[in-house]
Amino acid sequence: MKILRLRLPLRVAAAVVLPLAIAGCDQLGIESASAVAAKKDADGRAIGAACRHAGRAIEDCFGMNKKADKAAVFAGWKEMNDYMRENNIEVVAPQGAATAVAKDAAPEDAKDDAPAADAGHKKHS
């Protein structure tokens with residue numbers, strides 16, 4: 001009898017504590033699968049919208065963002081395309097550092113120009 005009296009409070013305590021501990025997982029930084037999927041979808045849509053606003057083709061956008069979900073990137077690109085057409089918004093060309101697409105397209109030209117540039121700047125001993 002004494003054993004049953006001790007087990008009942010432990011069971012009640014476990015029944016109360018376990019749901020509270022599980023509910024606290026969000027506070028510990030553990031994200032649910034649906035939250036991770038929603039974040040991945042939102043990131044992909046943002047990437048697609050940014051690519052369209054910068055005037056990049058969807059294929060270039062896919063190539064520059066290989067880890068992003070392609071369906072979400074396309075959805076964001078299409079939404080921004082429709083929005084830009086409806087509101088007559090012009091493309092904003094990217095400024096600053098060279099884009100990855102420009103780097104991929106230019107290696108052969110750079111190789112041809114590099115020896116000619118080096119030949120004119122050789123030190124004479």
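Predicted model, so just to flag it, every value in this text is computed and none were measured.
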Check His53 against Met80 and note the closest heavy-atom contact, atom names and distance.
N-CG, 4.1 Å
Could you grab the distance from atom CE of Met64 to atom SG of Cys51, nearest 0.5 Å is fine?
5.5 Å
Using the test side chain to side chain contact (heavy atoms under 4.5 Å, CB included), find all partners of Ala57 that sit at least two apart in sequence or belong to another chain.
Glu59, Asp60
Flag yes if Tyr83 and Val91 sit in one hydrophobic cluster, no otherwise; membership is Ile, Leu, Val, Met, Phe, Trp, Tyr, and two members link when side-chain heavy atoms are under 4.5 Å apart.
yes
For a 4.5 angstrom cut-off between non-hydrogen side-chain atoms, does Cys61 reach Ile47?
yes
Does any pair with a residue in residues 67-79 pass side-chain hydrogen bond (donor to acceptor under 3.5 Å, both in side chains), and if so which ones, sequence neighbours excluded?
Arg45-Glu79
With Asn81 via side chain to side chain donor-acceptor pair (under 3.5 Å) - residues at least two apart
Arg52
